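Working notes, beginning with the structure itself.
These numbers come from the heavy atoms of this one structure, side chains and all, not from hydrogens, waters or symmetry mates. Source: prediction; values computed, not measured. Residue numbers begin at 1 in each chain, while the letters A, B, ... track the order of the sequences.
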Number of protein chains: 2
Amino acid sequence: MGAGTTRRSSPAAEAWALMFELIHLSKRRFMAIASEFDLSPPQVMALRQLDPAEPKPMSELAIALRCDNSNVTGIVDRLEDRGLVERRPAERGAQVRAGLAARLDEPPEALANLSPEDQLALRDIMRRALGRA
Amino acid sequence: MGAGTTRRSSPAAEAWALMFELIHLSKRRFMAIASEFDLSPPQVMALRQLDPAEPKPMSELAIALRCDNSNVTGIVDRLEDRGLVERRPAERGAQVRAGLAARLDEPPEALANLSPEDQLALRDIMRRALGRA
DNA sequence: TATTGTTATACTCTATAACTATA
DNA sequence: TATAGTTATAGAGTATAACAATA
């Protein structure tokens, strides 16, 4: 069996492989949206985590981004240099955040094109998978 | 609505958000496996793409990794320095590949713990989503 | 003292541009 | 000439270690 095989030992394993593939395919879309806003991927993730209404300590941001504490310094530095963030979220940053959300929250075509029944079933299974049942 | 909200406009959008969350959660696992093999993420992806039986031109590798051509040079350089790859896959590289596959192909707990019915339903929906029905 | 954030350092990844080799 | 691959260069992300400030 070569790369890209989708028939696997268990349904969960195959679903996982397909999900991985979908994410990989969606990476292009993500990168396109990121550069649409002239942001690097970690900057996108950082901006999505921040909310002007609820300031977060940088250590919390590091946890959310799953990277080292020292790293957040640089990421936030660059966002701050562009006035998108202030070590307390700034006005323009909030606008960019809203724009990003609108673009990124759209499901990829592969999911949007599913039948309404499949969409509902998929949502319910994913809720159960993540304990949100 | 703050970050981490899961109730969204359409089932597909919510499923997408949950899937994104699952992938993000699984990143830690991926990084752990990568460092278990002492490989960087792009090195993992490169090694997974390569097959001793079917040598690939580096330009094809660049497409698979969704990065620039010039970039592959450095990634392959480092893999070659460690004798995992030879600009024609080497023996030890094949072993590492097999080990990697065994670890990475396991679905994350969130999926493995689903009921058999949910696993089957999820697999079938993902097949349809990616046109493998 | 323990936590938070920064700086220093070093390595990897990334793209663009310019170059070489080759079909 | 066109394609494949490399090198040069510059910028960003990443972690570790050491440090400063502070609760």
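Of the listed nucleotides (C:dT6, D:dT14, C:dT16), D:dT14 has the atom at the smallest distance from the side chain of A:Ile75. Ranking D:dG5, C:dC13, D:dA12 by closeness to the A:Arg78 side chain, first place goes to D:dA12. The side chain of B:Asn71 sits closest to C:dA15 out of D:dA15, C:dT4, C:dA15. When the nucleotides D:dA15, D:dG5, C:dA15 are ranked by their closest atom to the side chain of B:Thr73, D:dG5 comes out on top. Proximity note for A:Gln43 (side chain, C-beta onward) versus C:dG5, C:dT12, D:dG13: the nearest is D:dG13.
Between the NZ atom of B:Lys27 and the C1' atom of D:dA15 there is a distance of 13 Å, given to the nearest Å. We find that CG of A:Asn69 is positioned 12 Å from C1' of D:dA15, with the value rounded to whole Å. Atom pair B:Phe30:CZ and D:dT14:P shows a separation of 14 Å (rounding to whole Å applied). A straight line from CE of A:Met31 to C1' of D:dG13 spans 12 Å, rounded to a whole angstrom. The CG atom of B:Asp68 sits 15 Å away from the P atom of D:dT7 (whole-angstrom rounding). When rounded to the nearest whole Å, the span between CG of A:Leu39 and C1' of D:dA12 equals 13 Å. Distance A:Leu65 CG to C:dG5 C1': 15 Å, rounded to the nearest Å. Here the C1' atom of nucleotide D:dG5 and the NZ atom of B:Lys56 are 17 Å apart, to the nearest Å.
Judged by distance alone, with hydrogens and angles left aside, A:Ser70 brings a side-chain donor or acceptor within reach of the base of D:dT16, the pair sitting under 3.5 Å.
A salt bridge is absent between B:Asp77 and B:Arg82: the closest approach of a Lys/Arg side-chain nitrogen to an acidic carboxylate oxygen does not fall below 4.0 angstrom. Electrostatic pairing of B:Glu109 and B:Arg29 does not count as a salt bridge here, judged by no charged N lying under 4.0 Å from a carboxylate O. Ion pairing of B:Asp118 with A:Arg127 is absent here, as no side-chain N (NZ or NE/NH1/NH2) approaches a carboxylate O to less than 4.0 Å.
OP1 or OP2 of C:dT6 lies within a sub-4.0 Å distance of a side-chain N or O belonging to A:Arg87. Contact annotation: B:Ser59 reaches the phosphate of D:dG5 (side-chain N/O to OP1 or OP2, under 4.0 Å).
Across all non-hydrogen atoms, the minimal contact from A:Trp16 to B:Ile23 is CZ3-CD1, 3.9 Å.
Relative orientation of the A:His24 and A:Phe20 rings is parallel, given thresholds of 30° and 60° on the angle between their planes.
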